[in-house]
Amino acid sequence: MTELVIAVIFKSIIAFAVPLLVVPPLIWGERRLLGRIQSRLGPNRVGPFGAFQTLADAVKLLGKEDMIPAGADRALFILAPFLLLVPSFMAWSVVPVGTELHIFGRVIGLYATDLNVGVLYIVALTSVAVYGIVMAGWASNSKYALLGSLRSSAQMISYEIMLGIALVGVVVLAGSLSLPEIVRQQQVPFAIPLIIGAFVFVCAALAETNRAPFDLPEAETELVSGYHVEYSGWRFSFFFLSEYANMLLASFLVSAVFLGGGWPAQFLEPYIGHLFTTLLAVGIMMSKVFLFLFIYFWIRATLPRFRYDQMMNFCWKVLLPLGLLNLAVATVLKLTIYA
Amino acid sequence: MIIPALEYYLVLGAALFIIGLLGVLVRRNLLIVFMSIELILLGANVTFVGFAVALDNMLGQAFVIFSLTVAAAEAAVGLAIIVALSRHRDTLNVDEINTLKG
Amino acid sequence: MADVAWLIPLLPFVAFAINGVFGRKYLKKHTGLVANAGVLGALVVSVALFITQLDHAEPQSVTLWTWAVSGDFALDIALRVDALTLVMLLVVTSVSFMVHVYSIGYMDHDPGFWRFFTYLPLFVFAMIMLVMANNLLVLFVFWEAVGLCSYLLIGFWFDRQSASAAAVKAFLTNRIGDVGFLIGLLLAWYVFGTLDYDEIFVQAPAVAAVTPGMLTIICLLLFVGAMGKSAQFPLHVWLPDAMEGPTPVSALIHAATMVTAGVYMVARFNPLYVLSANAMAVVAIVGAFTALFAATIGLAQNDIKRVLAYSTVSQLGLMFMALGVGAFTAAIFHLATHAFFKGLLFLGSGSVIHGTNEEQDMQRMGGLFGKMPVTGSTYIIGGLALSGIIPLAGFWSKDELLGATLLAGGMGYLLYALGALASFLTAIYTFRMIILTFFGKTRMETERFSHVHESPRVMTIPLIVLAVGAAIAGFVGVPPEHGLIHDYLHDTFLAAELAGLVHKPSTAFVLGVMAVSTLIALVGILIAYSVFMRKSPAPETVAGRAGPLHTLLVNKYFLDDFYDTVLAGGTRGVGWLFAWFDLNIVDGIVNLIGLVVSEVGGGLRRMQTGRLENYAFSVVLGTALVLAFYIIMVR
Amino acid sequence: MTSETLLTLIFAYFALASVVFAVLVIMLRNPVQCALSLVGVVFHLAGIFILLRAEFLAAAHIIIYAGAIIVLFLFTMMLLNIGAVERVRQFHVQAPLAIVIGAILFLEFIVLTGATITIGAQGPHSPAWVAGQGGNVQALGQVLFRDYLLPFEVASVLLTAAVVGAIVLARQRPRRPRSSSEMGVSEWMAERYEKANVRSSNRPNSAEEIGD
């Protein structure tokens, strides 16, 4: 009992700390990479290669005056960034880094918890994130923020469905809603039979995290920015933080659900032993995650932003049919090859 | 076995049901009346699941799925009616909506 | 093969559904093709089914689904396939198809084109189901359905006062018959405990042995339905008025198919009828009387379609007469040939009407043969067939039918006399019609006459096909009593033979009857020729010479007026009486009650605030009270 | 502390919190805050469901209620801009009476719950059976898609009907002149020229010239 509690507390701390610790270097890495791709330097003043730039930015944001607009609904205005941030951190509790590690006579799962409705849990939390956006826009007492929040929440709700549909295909093939179980089920990464679903999932994940080319809230010039237009200082940084945490989460999910986590490390287990296999699997998993992060940055550097109507059309007229097609493919596969 | 006893869940369900009922009776804002109806449905759901677990019968849980369907359908149609109504009458006050004719 | 039987009704129904849904907006003129395709499909399947069943047409039934179950009474929707059904199917689908083709030309400029081609396949569907029904209730349902289609199509040009009046008249007259039919149906269910044909037939002899009167009543009530549907005296009045509908409708529904439903029904229930000599006698007498009665009216009509309508009534009377003496095969044989030549005559008259720009009065025609050779020659073939000239179709069937009455002996001699007289009159009015229409000097204005033209191919080809049919269809009954159709239907009407109603005539007898029939027809034609062709008198002269008789005939024995004055007037009088009672006494009581209620309600009205929450509150209050009652009193 | 007490305490928290949030739903003035309170109710009920080992329903409740229904409520409020309008009188005159009746009804419920409930026969889906199916989700799936497949499909028809109904109801807007934002640029320009009486020969010819 005590051991279990300690393990849970320990894992929770890791699950909470990882996104917090990884995000600052991630932001720095993105800015450097963008600089490279766009033939410029990127941040290079603070620290070696500008590595502490993000910290400096954070200090700057924390030091700014905490402003709450007149006529705003104070309680909700303060609550909104948390409503956005908390679900994205909560979701980490079911994300698997690998499967199980057998060590010192114990079995340690490389995840905070193995929920038997893990996929649903993630979808549920994604859907809750909408509240942060709606609240932020509404509480600001500004028509730009309100319009921006309506726009963004419509975007979130629409793409959430695509996210769900893409995941249903995987769930059908794996026959389970538990994420570690889905990872275990992948003799071949699901991205190969369900390439359509993987595409839908990646597009929906881009939109869910408000990343380019779906980053309408950041379109200051055309749309007077989005739901967080009235936010500044450390409150603003929360939106920023949740965006990057979500991005990281999406990368983990794609790697675990579609790319088979540590695949193909598990086939090496008879040759190099359990411990090394597990470590190798974690390494492979992480490299997949970083590959996806790179793709995120790469897309941002290259693709222009969608117009709002284009974005919605893309969702309902392209991704939805594709998602249903993917579901059909998954069903057929489940009845034939995966039977 | 169910912890705590079934009666606790039933009382919780009843409490939610009554609160929802009171919401329907006392509020003048149509939107909140609708939310109160959702509360009533939630109370029913708690009772369903409580019985389902206490009686070892999955039907109760399956029924909650249908209850959810009804709630979603009700919300969609009800809110559409509210939108149409407020365009028409510029009010959501239940007291003022007392004619059958638009 | 019988497994595909369900296709036969389905195809026209699909055509109906497609045209009904998409006709108005999308298909428009293409509805004709859709309807034709559907009916052609039914025809093809029927022919295929017929060919496969040619040797052994044993009754089969294909149960589609069970419609209703109530206790031990189950109602299956089943399709029956046997010899009689197949013969009827062939007649119905082939004539229907011809009429459908013809209608594309005839209805070409009508704004209701799509509507026409929606109703027509619906009728074909209903008629096919009527023929294929294996159950009295299903038969009744589609019996009503064809009536509905008939109503819709008679009133097709509903903006004409006369057309909608005729439609209502047809519907109401039919209803009178249908009430009889329905009571008969219920009685049959009461007596037999089932509505299934075969089960009824099996039980019939036992029932006849115990309660012969009941069986007679059932047969007579069913026959009342047949009288309505098949326009027998005194319920014939709707059929001539039904000519207000488009001519293809008259040809299909009111000559070839629907009106023969009564004949079909009686033939179908032959195992029942042969058990009741009284019912048979009534059928025969009503048939014979109607035959003669309608033929006399036909003599004096000037509207080309009305002549044909009375002719139809008369011919149907002949069929019933044959049914009444147990010559079921002869009746069905005549039904089939009649469908061809009467359909042909109607379509031909339609062609005349079409070519003369909507002229229907024969007194204003004449000399059209040169203008419309195809219509004219096919029309003459149809007329000869109707008059019973050897070797056309009508001759063989009518001859056999008259022969059968003679063979029946007793009352049969009287029947023969009536039938022969009707045939004689038939020949006269037929050729009066042909001569007035096609020959002699024209009585049209020169201007109009110059515009008379032959109809387009799409109309004349069905005419030619039907003319060929009218010419050769009779040969399925040659030699008499031993032809193809006799062998084919032999098993179906076995009951008549077992009941001793079928007599084998000698060859000399057959030839004798033939000779007399031919003679009668020829004399009739000659009289018509001499009166109307050679002398070509003015209409007034003929009318004047015939005097009061003519007045009587022109006014159709004043039967319509009788119905209107005595029946309708009497009903109105009674209605007026009831109205007075209702207005003063019943309404007085009602008003008093209403006054009290409204005063009480005025007081209670204050509770109706129109506010939802007040109502919801009372609901909750009621719930709380009921629960309190339960807790305190029950527990 | 036994696990039973622990579970009871957890139940107490979830139950109390959901009741408090439910009361907030019907007490708060601002509909937006009411909606948020409803979210609180749903979340705590999800906790209750997890306590009852109905994980699927817990997730389904959050997805459907929090993720769809209440968001829809918020959307409606923002579209109609309700929050500011209805500041007059929030409660009905019959409120005190209704609360009394409600309290009586609640007492009656408790009386009935405490004493008269006769538990029916135990069903076939014991915890062992559920575990044998592979968990709550699989067990629910077995019941839903084997025994209650037809009702489930019919429920989808209900949803479709609701969608169609909602669209039909919400679309019938009164005819208004179109605002400029709904027109294409060239169309809009043409209208402006029309108003300004610019002769057509002086107008730019194509959308390119306008810069559309």
Side-chain angles (χ1 to χ4, degrees), chain B residues 2-4 6-12 14-16 18-23 25-29 31-32 34-36 38-39 42 45-46 49-50 52-59 61-62 64-66 68-77 79-84 86-87 92-93 95, chain D residues 4 7-8 11 15 19 22-23 25-26 31 34-35 38 41 45 48-49 52-54 57 60 64 68-69 72-73 76-77 80 82 86 89-92 94-95 98-99 102 105-106 109-110 113-114 120 122-123 125-126 139-140 143-144 148 151 155 158-159 162-163 165-166 169-170 172-173:
Chain B
I2 170 171
I3 300 167
L6 174 62
E7 281 77 7
Y8 288 81
Y9 292 95
L10 297 186
V11 170
L12 172 63
L16 288 177
I18 296 287
I19 294 169
L21 205 61
L22 285 179
L25 292 183
V26 304
R27 290 305 295 245
R28 283 154 51 99
N29 188 323
L31 273 165
I32 294 174
F34 261 93
M35 287 183 212
S36 307
E38 302 294 346
L39 273 181
L42 283 173
N45 287 356
V46 171
V49 179
V53 176
L55 293 180
D56 283 347
N57 193 338
M58 272 302 201
L59 172 57
Q61 298 200 23
V64 173
I65 301 277
F66 299 120
L68 282 174
T69 318
V70 170
E74 179 242 318
V77 175
L79 288 172
I81 291 174
I82 288 181
V83 168
S86 75
R87 281 207 191 107
L92 284 184
N93 190 336
D95 291 359
Chain D
E4 199 164 316
L7 288 177
T8 311
F11 171 82
V19 168
V23 171
V25 169
I26 66 165
C34 292
L38 194 51
V41 177
L45 283 188
I48 296 268
F49 288 149
L52 284 166
R53 305 264 154 65
L57 290 181
I64 292 170
I69 296 178
L72 207 58
F73 273 106
T76 314
M77 288 174 213
L80 302 177
I82 296 302
E86 310 270 343
R89 198 161 59 87
Q90 289 295 328
F91 294 95
H92 209 268
Q94 68 185 15
I99 288 167
L105 203 55
F106 186 55
F109 278 164
I110 287 177
T113 308
Q122 292 296 100
H125 311 297
S126 60
L140 190 56
V143 174
L144 207 55
Y148 300 103
L158 172 71
L159 278 179
V163 167
L169 280 170
Q172 42 175 246
R173 57 188 70 189

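The model shown is predicted, which means the values in this text are computed figures rather than measured ones.
- Between B:N45 atom CG and B:L39 atom CG the span is 11.5 Å, to the nearest 0.5 Å.
- For the pair B:L31 and D:M77, the minimum side-chain heavy-atom distance is below 4.5 Å.
- Ranked by heavy-atom pairs under 4.5 Å with chain D, the first of B:L68, B:V64, B:V77, B:T69 is B:L68.
- Only the side chain of B:L12 comes within contact range of chain D, judged by heavy atoms closer than 4.5 Å.
- Residue with the most contacts toward chain B among D:L38, D:L72, D:I26: D:I26 (heavy-atom pairs, distance under 4.5 Å).
- Under the rule for a ring-ring contact (aromatic ring centres under 6.0 Å, His included), the partners of D:F49 that lie at least two apart in sequence or sit in another chain are D:H61.
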Margin query: For a side chain to side chain contact (heavy atoms under 4.5 Å, CB included) check, start with the C-alpha distance between B:V70 and D:L158, then their side-chain angles and the critical distance, and finish with the verdict.
Written below: CA-CA 8 Å; B:V70 170; D:L158 172 71; 4.1 Å; yes
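- Heavy-atom pairs under 4.5 Å with chain D peak, among B:I18, B:I81, B:L59, B:L22, at B:I18.
- Between B:F66 and D:L144, the closest side-chain pair of non-hydrogen atoms falls below 4.5 Å.
- For D:L45, the part lying near chain B is the side chain, with the backbone staying farther off; criterion is any non-hydrogen pair under 4.5 Å.
- When heavy atoms are compared at a cutoff of 4.5 Å, D:F109 approaches chain B solely by way of its side chain, counted from C-beta outward.
- Of the atoms belonging to B:L25, heavy atoms from both backbone and side chain fall under 4.5 Å from chain D.
- Taking both residues in full, the closest heavy atoms of D:L159 and B:A72 are given as CD2-CB, 4.2 Å, listed atom of the first, atom of the second, then distance.
- Interface remark: D:L57 contributes side-chain atoms only to the contact with chain B (heavy atom separation under 4.5 Å).
- In this structure, CD1 on B:I82 lies 8.0 Å from CG on B:N29, to the nearest 0.5 angstrom.
- When each of B:I19, B:I65, B:V11, B:V46 is checked for heavy-atom pairs under 4.5 Å with chain D, B:I19 comes out on top.
- The candidate from D:P151, D:G165, D:A68 with the greatest count of non-hydrogen atom pairs under 4.5 Å with chain B is D:P151.
- In plain terms, the two heavy atoms of B:M35 and D:P31 that are nearest each other are CE-O, 3.6 Å.
- Within the 4.5 angstrom heavy-atom criterion, atoms from both the backbone and the side chain of D:Y148 approach chain B.
- Contact record, D:A54 with B:V49: CB-CG1, 4.0 Å, taken as the closest heavy-atom pair.
- Heavy-atom distances place the side chain of D:V41, and not its backbone, under 4.5 Å from chain B.
- Listed by chain and residue number, nothing satisfies the ring-ring contact (aromatic ring centres under 6.0 Å, His included) test with B:F34 (two or more places apart in sequence, or in another chain).
- Heavy atoms closer than 4.5 Å to chain B are found in both the backbone and the side chain of D:V23.
- For B:E74, no part lies near chain D; criterion is any non-hydrogen pair under 4.5 Å.
- For B:L21, the part lying near chain D is the side chain, with the backbone staying farther off; criterion is any non-hydrogen pair under 4.5 Å.
- Listed options D:A22, D:A15, D:A98 were ranked by heavy-atom pairs under 4.5 angstrom with chain B; first place goes to D:A22.
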